[in-house]
**Q** 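Please see the structure below; I have some questions.
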Amino acid sequence: SKVDGAVWVADWSAGIYRLVSCPPGYYLVNTASTGTFSAEAQECSLCPNSYFCLGGSSSRTACPDGAFSVVGSNSSQACFQAVILRLTLALPIDRAQYGTQQSQQLVSAIASA
């Protein structure tokens, strides 16, 4: 899919357009799973969490150990120290009664605590 700010250049000898630059918050992908160039695989991929992506032809860069960033981060300043908690709850309802709505309400309640 095309991303605003991506730069494509015509390669007339190969009869294709080559992706040469992505906007900040994205990283350039142009290889197949084999690691070789693939015209079909070219895309600007949204930077995943725990990484930052400067854009251009740069790859994604991992945040330092113990740091986290949100999807689409475009600077090392976006990496922040994180504390990860594992929370186990015993709820007084049957598992079959616990659905998406209850899950969202629980997450919201924990986040606002």
**Q** Heavy atoms only: give me the nearest Pro23-Cys44 pair and the separation to one decimal.
**A** CD-SG, 4.1 Å

**Q** For Cys22 and Val3, what are the C-alpha separation, side-chain angles and deciding distance, and is it a side chain to side chain contact (heavy atoms under 4.5 Å, CB included)?
**A** CA-CA 8 Å; Cys22 294; Val3 172; over 6 Å; no

**Q** With rounding to the nearest 0.5 angstrom, report the CZ to OG distance, Phe80 to Ser73.
**A** 8.0 Å

**Q** Tell me whether Gln105 at atom CD has more than 12 heavy atoms from other residues, nucleotides or ligands lying less than 6.0 Å away.
**A** yes

**Q** Any salt bridge (Lys or Arg N to Asp or Glu O under 4.0 Å) pairs touching residues 10-31, not counting sequence neighbours?
**A** Asp11-Arg18

**Q** If you look only at distance, which donor and acceptor atoms sit under 3.5 Å apart when one is on a side chain in residues 50-70 and the other is two or more places apart or in another chain?
**A**
residue: Ser69; atom: OG; partner: Ser50; partner atom: N; Å: 3.2
residue: Ser69; atom: OG; partner: Tyr51; partner atom: N; Å: 3.1
residue: Ser69; atom: OG; partner: Tyr51; partner atom: O; Å: 2.6

**Q** Answer yes if Val71 and Tyr27 sit in the same cluster of Ile, Leu, Val, Met, Phe, Trp and Tyr residues linked by side chain heavy atoms under 4.5 Å apart, and no otherwise.
**A** no

**Q** Report yes or no: does Gln104 contribute a side-chain atom to a donor-acceptor pair with the main-chain N or O of Gln101 at less than 3.5 Å?
**A** no

**Q** Roughly how far apart are Cys47 SG and Asn74 CG, rounded to 0.5 Å?
**A** 8.5 Å

**Q** Let me see the working for Leu19 and Asn30 under side chain to side chain contact (heavy atoms under 4.5 Å, CB included), right down to the final yes or no.
**A** CA-CA 8 Å; Leu19 178 60; Asn30 64 3; 5.7 Å; no

**Q** Do you reckon Trp12 sits in the same ILVMFWY cluster as Trp8, going by side-chain contacts under 4.5 Å, direct or chained?
**A** yes

**Q** Would you check, one step at a time, whether the test side chain to side chain contact (heavy atoms under 4.5 Å, CB included) holds for Tyr26 with Glu43?
**A** CA-CA 9 Å; Tyr26 290 83; Glu43 68 175 358; over 6 Å; no

**Q** Look at atom OH of Tyr17 and say whether more than 12 heavy atoms of other residues, nucleotides or ligands are closer to it than 6.0 Å.
**A** no

**Q** Between Phe37 and Ile16, does the side chain to side chain contact (heavy atoms under 4.5 Å, CB included) criterion hold? Intermediate values first, please.
**A** CA-CA 12 Å; Phe37 174 79; Ile16 60 170; 3.7 Å; yes

